[in-house]
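Reviewing the structure listed below.
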Amino acid sequence: MAGTATRKASSKAPSKSLRILISNDDGIQSPGIKALTRVAQLLSDDVWVVAPEVEQSAASHSLTVRRPLRVKKLAPRRFAVDGTPTDCVMLAVLQILEDKAPDLVLSGFNNGSNLAEDIAHSGTVAAASMGAVLGIRAMALSQVTTQGQKTKWTTAETLAPDLIRKLLRMSWAGDSLINVNFPDLVTASVKGVTVTHQGRRRVRETITQSSDPFGRPYYWIGGPRTEKSASKVSDITAINECCVSVTPLRLDLTQEKMLRNMRKALG
Ligand code: MN
């Protein structure tokens, strides 16, 4: 029939119509964002990078509202912002790309995991959730690392294209985003992809206390933590079992069960 599309683009060819925005929290010069940009360029000819000028890890959703923001154009479609990951995505979508909103926001690849309660403070996940707030499909992607070892960027870079293509083909719920973690293994040792729940760790182990050279106590947040036992397949479990963890997340944090009880309690 006349008018029926006859030319079907190969699923592997870069798409001209898919506009991809890339950001991160490690800063625009990080090797992770460069690897993710190469991945996006396999998927589209319309890839834009708007990312923090300097590292913003653990910046969460913070927005810069008490000073002006500066945007530096480093190259065509590549901009550095002296702000947070959330600032970057907001400025990119509402200002830099105002002619046409992105179809997909990719945040990463982060240098290190974003598992369990990391999600609450992660700047990587925050950049993706800002995309979701603006009604754009968004994914946060992190490469798990071990302290003192070189980050295996090749693992994320090799496995991401196929995974992103598959995730784009499925239907997404509204107000959602996807959190992906690649295990700290060479690509050949990765056992597969596991769909997971957000896990929980024992957060009490997070603070280390010591003394400075003058004998004054100090506290340091961060360091190794172990997982709380979980009944559901968690992101932490998947990574420990040598798999890529893929977790669907929601923006709406309302606790439905408590909401019902609360309505009764408050009459
Ligand atoms: Mn980071």
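Atom set for the values below is all heavy atoms of this structure, side chains included, hydrogens, waters and symmetry mates excluded. Both counts, for ligands and for their atoms, begin at 1 and track the order of listing.
You'll find the side chain of S234 stays beyond 4.5 Å of the side chain of T196, heavy atoms only.
Counting only residues at least two apart or on different chains, the side-chain hydrogen bond (donor to acceptor under 3.5 Å, both in side chains) pairs with a member in residues 254-267 are D252-T254.
Salt bridge status for R70 with D82: absent, with no side-chain N to carboxylate O gap under 4.0 Å. The pair R19-D99 meets the salt-bridge criterion, since a charged nitrogen lies less than 4.0 angstrom from a carboxylate oxygen. Comment: R250 does not engage D175 in a salt bridge, judged by the lack of any side-chain N to carboxylate O separation of less than 4.0 angstrom.
Surrounding CE of M170 are more than 12 heavy atoms belonging to other residues, nucleotides or ligands, all under 6.0 Å away.
Distances from the Mn ion (ligand 1) under 2.8 Å pick out these protein N/O/S atoms: D25 OD1, D26 OD1, S57 OG, N110 OD1.
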